[in-house]
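Heads up: the structure comes next, in structure tokens.
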Amino acid sequence: MRYPFNEIESKWQNFWEEKKVYKTDLKNSESGKKLYTLVMFIYPSGAKLHIGHWYNYGPTDSWARFKRLQGFDVFEPIGYDAFGLPAENYAIKTGIHPYDSTMKNIDDIRHQLKKIGCMYDWDAELMTCAPEYYKWNQWIFLQMYKKGLAYRKNAPVNWCPNDQTVLANEQVHDGACERCGTQVIQKNLYQWFFKITDYAEELLEGHNQIKWPEETIIKQKNWIGKSEGAEISFKIDGSLSSIKVFTTRPDTIFGATYMVLAPEHPLVDEVTTSEHKAEVEAYREKVKTLTEIERTSTVKEKTGVFTGGFAINPASNKKIPIWIADYVLLTYGTGAIMAVPGQDERDWEFAEKFNLPIIRTVQPPPDFAGKAFLGDGPAINSGFLDGLNVSDAKKKIIKWLEENNLGKATITYRLRDWLISRQRYWGTPIPIIHCPECGELPIDENELPVVLPYDVDFKLGGESPLARNEKFINVKCPRCGREAKRDPDTMDTFVDSSWYHLRYLNPKISSAAFDEELAKKWMPVDMYVGGKEHAVMHLLYARFFHKFLRDIGMVNGNEPYSQLVHQGVITNEGAKMSKSRGNVVNPDEFTSRYGSDVFRMYLMFMGPYDQGGDWSDKGISGVDRFVQRTYDLFLQYKDLNKEVQSQNKYSIGSLNDSEKKVYRKLNQTLNKFNEEVEHFRFNTAIASLMELINELKNLNQCRKEIQLYVLERFSIMLAPLAPHLGEECWQLLGKEFSLFEKPLSFEVDKEALIEDEVNIAVQVNGKLRATLSVPLNSEQLDVKPVVFKDERVRKFTEGKTIIKEIFVKNKIYNIVVK
RNA sequence: GCCGAAGUGGCGGAAUUGGUAGACGCGCUGGACUCAAAAUCCAGUGGGGCUCACACCUCGUGCCGGUUCGAGUCCGGCCUUCGGUACCA
């Protein structure tokens, strides 16, 4: 009989839902049993759930179910990352309000999610666009504001001309807007920032406390970009001011033959002489018009102009010219450098082009043919540093700088503060009032939430849509009572996702952002699964939030996500699936034909979970056949449990040959299966089940209780991967209770893993010549005669001198001849 | 440029600490069942050679070299693909 997946899948989905099987009692969970499994929540766009969603959620749920069967109290929630640009852009195009489209999408998606058959706790569902949720974004903002971690400054920021909003550094990829691909431009604007840089060091340190993919940790490390070096002051010739530079190579200071300021550097006006003013101004104007890409392109030839001013090199006391050039960035270090062409490729290139002096201060090896020398060697032309290697010279010069009050050792990070304001409508309003008299004032916490108004002209116009809503924007100043204005911007949606895992624990709580007691019990998230595209965005921001919430006493522990797994990307004909490319594969096509268990199992069987791959439905029939055969098998043994009971363990000696074989295979499979699923290696876990079923052809030659022993365990292995089928098979055996209602797992009989006979490879000079079956743990002395009796071995050894014999127990016998 | 991941049959992919390369599945070939087809079941399936056949030989994990009794796995040097990053001083 063909497996009636439609009937069986809806049967179990209804059962699970009615019995609230997946409702986790967070409060009363015994200590040590809690297990918080989380997938990155879903963006509710108008597009349907695609294969990528299934690939993310299905296998993760299988892992969670596996853990649940093992007896853990598993909490697995799902929710909606409901604010954001796409809904708003859709509204501009169609006139459908973002709230309305989002609500409709959420309803559709919820329905589709249920079809996957995940064990989500639907009582914990949340959406970030609800005032009950975003109120707490505002509240956390105010807590940061109090600590000086939320602040407003005028700074050059990334502006996307298409989406008409600013973007965080993390959201600019290759100089383009992460969302729409438009080239971003630099603008000077007053914007809100979160001071993530205060946590730079701790964010690096915390990497030692989490089990994350190494490549993701490395990405974060690179993004944070810690550089150790020194800050050094250079006096401006003929002025009281001085220029501060940051360098990682203070040891090369004697070779600093000129200085470069970023064109926007505040001291440019002061150092520029009247003869050079026109040229400097022209250059600064030109730089302004460049896009980020043009300006930072490494292939571009270096440009710059002389300011006419000079500084004094504090080490050599020489006068050195001050230039401006756009290869020096205002936003890194101090926005100024001491140029050491002898030891820096960029400086060399610049010096060569503009005929500036080059002094080597590290002796390159005799065979060195290049220009700037970056390696280690003895210092030269460096006064009291001469002869020292790089690291000793660094120590000595830093000591000297500190003693002479000219500089000090410092650490600089590449990480910038997180720009969180957006000039868009569909987000969390920033809870600040601007009064012409009193300045910037935070909203009283009791007045929260600042509700996002529904009636807004959200068309793009270069300013925040909220600024055009008179009712929203105009308020009385809470301090002086005069006419004032609300902040017209909304928050980056990455604010929403920085703490949603805490809200899940009790999304209905109205007295606080989250239930602190539950958070202390249930955090950190034990297993977090999501795409690696969030490596330096969401995953960095959430860690920052967690550390802040810890510092204000709301959570324990240093890290929010103790273990992280990235699912791979499923492409179609090599390209990422997307609506705009029109290459999205619809899961319904397969679920309606094979059922959701087959589909989710096929996704797991395709290959390693973290690798993803190009979509192909070629192999799905293999998984379908496996499911059919499995179902047929259980039908043959229907109600077996009503006739017999199985023991927990059988002694091998008491079994007949067929039983022995089956019993061994079952336990080997169970052992392998547990190991593979534990580590998200579902493909090999499924392969082991297929091997098992291939081995069960002779199950009818076993006693009934052995049959039951095998099938009970088989259905329990099936259940995490194909939950509906697993439950059904379990029930077919005549079991009275549902597996997920009363979770159950079986121990491996370790004794059954051991075979009596093993095949060992016989090699001559490392080449395989024969394989022999010998008793387990045979010694070399016992194996040797058998080996040398073998014709195939004799063929290669006769008439030759045996030099050496290598024997590895249960593995190999290698004879070296000459 | 720098950082990271990966290259294994026709295809997706397996291979503990170096120890029988190709598990499992797809596809393909042959057979059974059928009036026929589908479905299902059974057998075979890396390339080449030799053989009536069983067997046997030989080559083979991106390329070149090395270590080792033995390398997909370790080391050195490349090539290709994909991600991240980009004048970060």
Side-chain angles (χ1 to χ4, degrees), chain A residues 2 173-175 213-219 221-223 225-227 229 245-249 252 260 262 292-293 295-300 302 325-329 331-340 343-347 349-350 412-416 532-533 535-536 568-569 571 574 602 605-608 610-611 613-623 625-626 628-629 632 675 681 683-694 697 759-772 791-792 795 803-817:
Chain A
R2 198 170 153 81
H173 295 166
D174 289 332
E214 199 51 39
E215 62 169 315
T216 304
I217 287 182
I218 289 170
K219 267 184 203 164
K221 283 204 160 114
N222 291 343
W223 189 263
K226 180 179 183 174
S227 297
V245 301
F246 172 74
T247 177
T248 54
R249 295 293 303 276
T252 63
V260 186
E292 185 72 5
I293 276 266
R295 177 160 172 186
T296 58
S297 162
T298 46
V299 290
K300 192 190 79 172
K302 299 245 173 317
D326 66 359
Y327 81 92
V328 174
L329 308 173
T331 46
Y332 182 77
T334 60
I337 61 162
M338 65 176 204
V340 189
Q343 274 74 229
D344 185 286
E345 285 168 342
R346 298 153 302 182
D347 296 346
E349 190 195 331
F350 194 82
T412 294
Y413 299 91
R414 203 191 82 113
L415 181 71
R416 311 289 158 81
K532 57 176 93 166
E533 66 274 17
V536 294
V569 179
T571 53
Y602 175 58
F605 186 60
M606 281 190 344
D610 55 357
Q611 249 167 58
D614 205 44
W615 171 252
S616 156
D617 58 8
K618 267 187 166 175
I620 195 166
S621 56
V623 174
R625 275 176 208 151
F626 168 73
Q628 296 303 331
R629 289 169 67 195
D632 285 341
E675 184 65 21
R681 294 190 294 253
N683 54 333
T684 45
I686 293 169
S688 73
L689 292 186
M690 288 172 166
E691 276 188 60
L692 176 63
I693 202 170
N694 289 343
K697 275 168 205 154
N759 283 330
I760 64 165
V762 181
Q763 300 182 336
V764 179
N765 287 345
K767 287 194 176 174
L768 180 73
R769 295 305 174 189
T771 57
L772 295 176
E791 226 181 283
R792 291 163 294 187
K795 205 164 122 189
I803 295 170
K804 201 171 170 186
E805 288 168 57
I806 295 119
F807 177 72
V808 182
K809 205 186 261 185
N810 302 326
K811 287 255 165 81
I812 205 156
Y813 199 112
N814 190 11
I815 304 156
V816 187
V817 298

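All chains are named by letter (A, B, ...) in the order of the sequence lines, taking the proteins before the strands, and each is independently numbered beginning at 1.
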Listing time: all N or O pairs from protein to nucleotides 26-33 of chain B that are below 3.5 Å?
from, atom 1, to, atom 2, distance (Å)
B/rC26, OP1, A/Arg625, NH1, 2.4
B/rC26, O2', A/Lys618, O, 2.9

So do the side chains of A/Tyr327 and A/Glu349 get within less than 4.5 Å of each other, counting heavy atoms only? no
Applying ring-ring contact (aromatic ring centres under 6.0 Å, His included), can you list everything that pairs with A/Trp615, at least two apart in sequence or on another chain? A/Phe590, A/Tyr602
What does A/Arg769 touch in the nucleic acid at a heavy-atom separation under 4.0 angstrom: a base, only the sugar-phosphate, or nothing? sugar-phosphate
Backbone of A/Val817 reached by a side-chain donor or acceptor of A/Asn765 within 3.5 Å: yes
Out of A/Ile812, A/Ile806, A/Val816, which one pairs with A/Gln763 under the side-chain contact (heavy atoms from CB on, under 4.5 Å) rule? A/Ile812
Is there a donor and acceptor pair closer than 3.5 Å between the side chain of A/Lys219 and the base of B/rC3? no
Sugar-phosphate only, base, or nothing, as touched by A/Ile337 at under 4.0 Å among non-hydrogen atoms: base
Looking for any heavy atom pair under 4.0 Å, which part of the strands does A/Lys697 touch: base, sugar-phosphate only, or nothing? sugar-phosphate
Which stems does RNA chain B form, counting runs of 3 or more consecutive Watson-Crick or G-U wobble pairs with both distances under 3.5 Å? B:1-7 with B:79-85, B:10-12 with B:24-26, B:27-32 with B:40-45, B:46-49 with B:56-59, B:62-66 with B:74-78
For the residue pair A/Arg416 and A/Thr331, establish whether any side-chain heavy-atom pair is separated by less than 4.5 Å. yes
State, yes or no, whether a side-chain contact exists between A/Ile337 and A/Tyr332 at a heavy-atom distance under 4.5 Å. no
Just checking A/Arg2: base, sugar-phosphate only, or nothing, at a heavy-atom cut-off of under 4.0 Å? nothing
Kindly indicate whether the side chain of A/Lys811 and the base of B/rU17 share any N or O donor-acceptor pair separated by less than 3.5 Å? yes
With a non-hydrogen cut-off below 4.0 angstrom, is A/Glu691 in contact with a base, only sugar-phosphate, or nothing? sugar-phosphate
